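Each chain gets a letter, A, B and so on, in the order its sequence line appears, and its residues count up from 1. Keep in mind that this is a model prediction, so the values were computed, not measured.
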Protein chains: 2
Amino acid sequence: MTVAAAARAAKSGEDAGGLSEGMLGGLLGYRLRRAQLKVFEDFLASFAPLGLKPAQFSALVLIAANPGRSQREIAAALGIQRPNFVAMMDEFERRALARRHRSQTDRRSHALALTEAGEALLRQGRTIVAAHEARIAARLNETERAELMRLLALLGPAAAD
Amino acid sequence: MTVAAAARAAKSGEDAGGLSEGMLGGLLGYRLRRAQLKVFEDFLASFAPLGLKPAQFSALVLIAANPGRSQREIAAALGIQRPNFVAMMDEFERRALARRHRSQTDRRSHALALTEAGEALLRQGRTIVAAHEARIAARLNETERAELMRLLALLGPAAAD
DNA sequence: TATTGTTATACTCTATAACTATA
DNA sequence: TATAGTTATAGAGTATAACAATA
């Protein structure tokens, strides 16, 4: 569709197929969901060569930024249930991207750390994620991108007390 | 945590547990995902009394705004695979919220429409969703909310040609 | 031949209960 | 008693192939 047609459709609340969005277009939650699906789609394609999914990339970044932390701490920070993080760590160890070390102070917990291979993959990931971010924000200028980040941060985290 | 502590944590890239977010805090995709999880959480709690999940509410809104459209059309507009929309329509019919009518022009397709009960439930939904939206945007003023909607719309839909 | 709705199926994500070893 | 990691499992959500009816 042309830019003019898109503008007309947006104004009338219709999409490409001629369907009316009804009130959906005015809902933050709906727009958020649609935007997120689009972003994940691009992320998945971008990171397929590295064999990393969004949650795995987040986990590697977090382990790298917080070496020695436990599985519970990393999982909690990512909003992943502890049982579901076990399989992810298993795969990281299988691929030699991260290691579980027995904690010296509490033998129940595992001190996590990236391997050299993990650090190397993460360096590649940082390059790829930069291109990915540029692509998804292609229709935003730098001011708009910063403002979007700020507003999302206001929406996302728990309220300060 | 106090507002001052939160501000300090945000500046240093740390969360409530003292973990560094690393580069995650600077990624649109990450902020988008976290914000969306929070929004869905509130939506789920808000709509539990109506027995509606986000995808179901979206479907009811879309059917109401586009009566007579086919399952393929509604599903495509929502980004749902056609096979997966069958079970949703089955439940709508079981709960007498929507009906499948044989199309007069193409006997393969179903013309969808809400029942009176469906319209009534949707009216309740509109009230609830308004309160929900107000809650999730509580820390945004009206200008900020409008700007967030605009920026998300730029992110979400396919590029105009 | 192509399309609509459907069935069957599989794969991923997510959530919970319960076990073990440590504390 | 409580906690960290783990196992097992169950429920959503999502994706594809193939079939019957119809175009």
Basic-acidic side-chain contact under 4.0 Å: A:Glu41, A:Lys38: no
Electrostatic pair B:Arg150:A:Glu147 at N-O distance under 4.0 angstrom: no
Whether A:Phe40 and A:Phe43 hold their rings parallel, tilted or perpendicular, with breakpoints at 30° and 60°: tilted
If I take atom [atom1] in residue [X] and atom [atom2] in nucleotide [N], what distance separates them, rounded to the nearest angstrom?
{"X": "B:Ile80", "N": "D:dA12", "atom1": "CD1", "atom2": "P", "value": "16 Å"}
{"X": "B:Phe85", "N": "C:dT7", "atom1": "CZ", "atom2": "P", "value": "15 Å"}
{"X": "A:His110", "N": "D:dT3", "atom1": "NE2", "atom2": "P", "value": "18 Å"}
{"X": "A:Ile74", "N": "D:dA4", "atom1": "CD1", "atom2": "P", "value": "14 Å"}
{"X": "A:Gln71", "N": "D:dG5", "atom1": "CD", "atom2": "P", "value": "5 Å"}
{"X": "A:His101", "N": "D:dG5", "atom1": "NE2", "atom2": "C1'", "value": "16 Å"}
{"X": "A:Phe40", "N": "D:dA15", "atom1": "CZ", "atom2": "P", "value": "13 Å"}
{"X": "B:Arg72", "N": "C:dA2", "atom1": "CZ", "atom2": "P", "value": "16 Å"}

Position toward the 5' end of DNA chain C (nearest nucleotide), B:Ser70 or B:Leu37: B:Ser70
Sequence-distant partners of A:Arg100, salt bridge (Lys or Arg N to Asp or Glu O under 4.0 Å), two or more places apart: A:Asp90, A:Glu93
Partner residues of B:Arg126 under the side chain to side chain donor-acceptor pair (under 3.5 Å) criterion, sequence neighbours left out: none
Residues that B:Ser103 engages under side chain to side chain donor-acceptor pair (under 3.5 Å), provided they are two or more places apart: B:Thr105
What protein N or O atoms touch nucleotides 16-22 of chain D N or O atoms at under 3.5 angstrom, if any, and at what distances?
{"residue": "D:dT22", "atom": "OP1", "partner": "B:Arg107", "partner atom": "NH2", "Å": "3.1"}

Close approaches to DNA chain C from residues 86-100 of chain B, in residue order (heavy atom, under 4.0 Å): B:Val86, B:Arg100
Side chain of B:Ser109 - closest among D:dG5, D:dA12, C:dG5: C:dG5
Would you list the atom pairs, donor with acceptor, under 3.5 Å between side chains in residues 77-89 of chain B and any protein atom, with sequence neighbours excluded?
none

Minimal non-hydrogen separation, B:Leu121 against B:Arg95, with atom names: CD2-NH2, 4.3 Å
A:His132 side chain near A:Arg135 side chain, heavy-atom distance below 4.5 Å: yes
